[in-house]
Every structure is written in structure tokens, then in C-alpha cells.
Protein chains: 2
Amino acid sequence: MNKINRKVEYALIALKHMRAKAPGELTAAKEISTLYGCPFDVMSRVLQALGKRGLVRSEQGAHGGYQISRDLAKVSFYELNEMLLGPVAVAKCLHEEAGEPSCEMRGKCNIVSPVTTLNRKLIEFYRGLSLAELLDPRHASVQSRIPTNIAQAAADAAAVAEQR
Amino acid sequence: MNKINRKVEYALIALKHMRAKAPGELTAAKEISTLYGCPFDVMSRVLQALGKRGLVRSEQGAHGGYQISRDLAKVSFYELNEMLLGPVAVAKCLHEEAGEPSCEMRGKCNIVSPVTTLNRKLIEFYRGLSLAELLDPRHASVQSRIPTNIAQAAADAAAVAEQR
DNA sequence: CTAAATACGACTAAAAAAGACGTATTTAAA
DNA sequence: TTTAAATACGTCTTTTTTAGTCGTATTTAG
Ligand code: SF4
Ligand code: SF4
């Protein structure tokens with residue numbers, strides 16, 4: 001599993017849609033929601049949240065709407081997540097906010113260090129992934145991915161062989 | 001946000017605990033659950049699942065218990081996740097199993113390709129992370145992490161400066 | 001035989017995510 | 001100046017997922 005949040009998906013949908021438009025052109029939340037079949041309310045809230053964080057610019061009133069206001073090549077997937085869900089924390093003992101119910105195992109727990117490591121690495125991974133790279137199909141196919149996969153496949157085969 | 005599943009945490013706790021023991025020594029689920037204060041049932045189920053997948057070996061009866069049966073340096077965090085939660089799929093349109101309710105936006109959706117890319121990259125990331133590396137504090141501090149962080153910090157500073 | 005352990009299926013409770021509703025505000029245009 | 005179409009928010013309900021519990025069978029050392 002490991003599903004990403006739906007809000008993030010909606011944000012990607014909206015960004016991908018708006019990215020294809022001419023600079024300065026506005027897009028209404030309703031336009032996106034009807035086009036892609038997602039609930040207007042949710043899409044609206046997502047865009048409002050992104051507006052507050054400065055990723056999109058909003059214009060009110062009739063003929064109002066949203067437009068992307070930052071270069072997506074310079075916005076990481078981590079930033080997008082943070083805008084919509086707050087700081088990444090793979091376990092609840094990390095980033096303990098006031099009022100949040102802390103983990104009752106804290107103190108006895110033997111994996112705080114591993115979990116902290118994982119959290120750091122995941123953030124690094126998300127930080128290294130720009131929205132442009134994610135949304136642009138050209139980027140997806142480049143990046144010399146194939147060699148990596150072959151190496152992985154070879155490693156897998158070796159591991160399987162070893163287990164016998 | 002972006003929390004990892006609790007089962008995975010329990011698995012890490014158990015593995016870390018068993019890793020410190022002499023080879024061949026068994027550990028009862030109860031020992032772990034009482035020591036770290038997690039529910040016995042859940043820990044038990046997790047260990048049983050790992051037993052079925054061959055990561056640990058179980059011995060029944062009185063004085064029974066579990067022991068690690070594979071070299072954790074050769075088991076990836078991806079594998080652990082898969083053992084407990086099934087294949088990683090960041091969106092529900094990926095790995096559509098029989099019976100699972102598919103995404104109603106499929107067909108209209110404009111981000112299937114980005115999401116597929118993200119899924120692949122996340123799997124690669126998890127595959128490149130061994131359980132030994134995660135659980136062993138020695139590994140955590142090595143790995144030349146600091147240079148990467150400095151590079152990231154510099155990139156961040158540049159991005160912030162640019163926005164103004 | 002008994003106690004202590006794994007093994008498993010089914011159920012319940014809690015938490016989180018997703019979505020719906022209601023209303024106020026802004027603004028272009030009729 | 002009225003109206004329609006849009007953003008902006010706050011609250012609520014529903015749904016889904018996750019976490020935890022209960023009950024019982026099976027295995028095995030002592
Ligand atoms: S179990 Fe350990 S790592 Fe997980 S949240 Fe609790 S204290 Fe943190
Ligand atoms: S919204 Fe698009 S990407 Fe997300 S699950 Fe549905 S079809 Fe897949």
C-alpha cells in the first residue's frame with residue numbers, strides 16, 4: 001500500500017491542468033472538478049490551501065480562478081506535501097506538536113533512531129523530486145532509469161538464487 | 001504526515017530486538033510485547049506474517065519463539081513493507097486487484113503517468129534501503145550524509161533568495 | 001497432563017481521510 | 001444596482017482504513 005493522500009493527487013491534477021495553459025490564464029476550480037470528475041469542494045479547498053502557501057495565485061469574483069505562480073521545476077514534491085499535510089513525519093514521535101497524542105511507547109522504544117533515519121531519507125528523496133519532473137512526461141522517460149532497473153533485476157535474481 | 005504503518009514499526013522493533021541476540025536464540029512474542037509495551041496480539045500477528053514470508057523462523061510449543069532467518073543486509077525496506085502490506089501502490093489505480101474498488105476517475109485522470117513515475121521511484125528508494133542499514137546505528141552515521149545535507153541547504157537558500 | 005508458546009479466524013473500536021453543507025465575500029457584466 | 005459566478009472558510013457527516021481484541025486450536029518441553 002503506502003498510498004499518497006488524495007489532496008496531493010488533486011493538487012497534481014490541478015497543477016498538471018493549469019500547466020498546459022497560457023501564462024496568465026486563469027482556471028476556475030469548477031472547470032477542473034467537472035473535467036476530471038472530482039468533488040468541487042475538495043478541489044476548491046486544495047487550491048485555496050495552495051493559494052495560501054503561494055504556489056498558486058487566486059483571483060476572486062466572476063471570471064476569477066487560479067494560476068500557477070511559481071516555477072514548478074523549483075518546487076519539490078516535499079514542499080507540496082508539506083503545504084497540504086504539514087511536515088513529513090513517518091512516526092508520531094517525530095514532530096510532536098502541542099496537543100497531539102504522543103506515542104505511549106516512547107522511552108521504551110528501541111527504534112527511534114531507525115525511524116528518524118528513515119524520516120530523514122524520505123524527506124531527502126521527496127526534496128530531490130521536483131513537480132516539473134513529476135508532471136512532465138519528457139522528464140519521466142529520461143533520467144537513465146533503465147540501467148538502474150536492470151541492476152535491480154540482477155540483484156533480485158541473485159538474492160532469489162541465494163535463498164535456495 | 002506520511003506515517004508508516006504501525007505493523008512495520010512493530011516489525012522493526014522485533015527485528016532490532018532479535019538482532020541483538022546470539023544466533024539460534026529464540027525470542028517469544030510476549031517477551032517483546034511486554035518489554036516495549038505494545039499489544040501482544042498485534043506483535044504476534046506481525047511475527048507470524050514475517051514467519052510465513054521467511055524473514056523469521058518460528059518454533060512452536062513451550063520454549064518456542066522466533067529468530068531472524070535471513071541476512072538483514074540483504075532484505076530491503078521494500079520487502080518488509082510488501083510482506084506486511086502487499087505491493088507498494090501510491091494510488092489505487094495501480095495494482096488493481098480483483099474486487100478492489102477501482103478509482104472512479106480513471107479514464108479522465110491526467111496524472112496516471114506522474115503517479116506511476118512516483119510509484120516506481122518510491123519503490124526504487126525503498127529497495128535501496130536495507131534493514132541492516134536502517135537498524136544498525138553504525139550505518140546511520142556513515143553514508144556521507146552531511147555533504148548531501150549541505151548541498152540541500154545551499155539549494156534551499158538559493159531558492160528562497162530567488163523568490164524575493 | 002499441563003503450561004507456555006505459536007497459529008489463525010472473526011470481530012470491535014478508534015482514528016484518519018474524504019466528502020458534503022452552509023454561508024460570506026468579491027467582482028465582472030447585464 | 002442587481003445578478004451571477006467565482007473564491008474563501010468553518011463545521012459537520014460519512015466512509016474507509018487502521019489498530020486492537022477475543023476466542024479457540026495446535027504444538028511441544030517438562
Ligand atoms: S513506536 Fe517508537 S518510533 Fe514509533 S512512534 Fe512510538 S516511539 Fe516513535
Ligand atoms: S486519481 Fe488518477 S492517479 Fe489517482 S487513483 Fe484515480 S486514476 Fe489513479
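These figures come from a predicted structure and were not determined experimentally. A, B, ... follow the sequence lines: proteins, then strands. Residue 1 opens every chain.
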Inset, instruction - Using atom NZ of Lys3(A) as one end and atom C1' of dT16(D) as the other, report the distance to the nearest whole Å. - result: 10 Å

Legend entry - Interatomic distance, Phe40(A) CZ vs dG22(C) C1' [rounded to whole Å]: 13 Å

Legend entry - Lys/Arg N to Asp/Glu carboxylate O, Arg6(A) vs Glu9(A), below 4.0 Å: yes

Inset, instruction - Count the heavy atoms belonging to other residues, nucleotides or ligands that lie under 6.0 Å from NZ of Lys16(B), then report whether that count exceeds 12. - result: yes

Legend entry - Leu50(B) CG - dA7(C) P separation (whole Å): 11 Å

Legend entry - Per Lys52(A) side chain, nearest of listed nucleotides dA7(C), dC9(D), dG19(C): dC9(D)

Legend entry - Flag, side chain of Ser69(A) to backbone of Leu55(A), donor-acceptor distance under 3.5 Å: yes

Legend entry - Interatomic distance where CG belongs to Leu26(B) and P belongs to dA4(C) [whole Å]: 17 Å

Legend entry - Nucleotide dA16(C), atom P - distance to CG of Leu85(A) in whole Å: 13 Å

Inset, instruction - Produce a footprint string for nucleotides 22-30 of chain D: one letter per nucleotide, 5' end first; B if the base is under 4.0 Å from any protein heavy atom, S if only the sugar-phosphate is, - if neither. - result: B----BBSS

Inset, instruction - Search all heavy atoms of Ser130(B) against all heavy atoms of Leu72(B) and return the closest pair with its distance. - result: CB-O, 4.0 Å

Inset, instruction - May I ask you to verify if any side-chain N or O of Asn5(B) is less than 4.0 angstrom from the OP1 or OP2 atom of dT17(D)? - result: no

Legend entry - Between dA17(C) (C1') and Leu84(A) (CG): distance, integer Å: 13 Å

Inset, instruction - Could you tell me whether the phosphate oxygens of dA18(C), OP1 or OP2, come under 4.0 Å of any side-chain nitrogen or oxygen in Tyr10(A)? - result: no

Inset, instruction - Return the 5'-most residue of the pair Ala29(B), Glu104(B) with respect to DNA chain C, ranking by each residue's nearest nucleotide. - result: Ala29(B)

Inset, instruction - May I ask whether Tyr66(B) and Leu26(B) are part of the same hydrophobic cluster, defined by side-chain heavy atoms of I, L, V, M, F, W, Y residues being less than 4.5 angstrom apart, directly or through others? - result: no

Legend entry - Distance below 4.0 Å between Tyr66(B) side-chain N/O and dA7(C) OP1 or OP2: yes

Inset, instruction - May I ask you to verify if any side-chain N or O of Ser58(A) is less than 4.0 angstrom from the OP1 or OP2 atom of dA8(D)? - result: yes

Return a table of donor-acceptor pairs under 3.5 angstrom between the side chains of residues 34-47 of chain B and protein atoms on other chains or two or more places apart.
from, atom 1, to, atom 2, distance (Å)
Thr34(B), OG1, Lys30(B), O, 2.9
Thr34(B), OG1, Glu31(B), O, 3.1
Tyr36(B), OH, Asn110(A), ND2, 3.3
Tyr36(B), OH, His17(B), ND1, 2.9
Ser44(B), OG, Gln48(B), NE2, 3.4

Inset, instruction - Return the value, rounded to whole Å, for the distance between atom CD of Gln48(A) and atom P of dT23(C). - result: 18 Å

Inset, instruction - For Met43(A) and dT7(D), give me the distance from atom CE to atom C1', rounded to whole Å. - result: 15 Å

Inset, instruction - I would like to know whether Ile32(B) and Tyr10(B) meet side-chain contact (heavy atoms from CB on, under 4.5 Å); could you show each step before the answer? - result: CA-CA 10 Å; Ile32(B) 304 177; Tyr10(B) 290 144; over 6 Å; no

Inset, instruction - Would you mind classifying the nucleic acid contact of Gly65(A) as base, sugar-phosphate or nothing, using non-hydrogen atoms under 4.0 angstrom? - result: sugar-phosphate

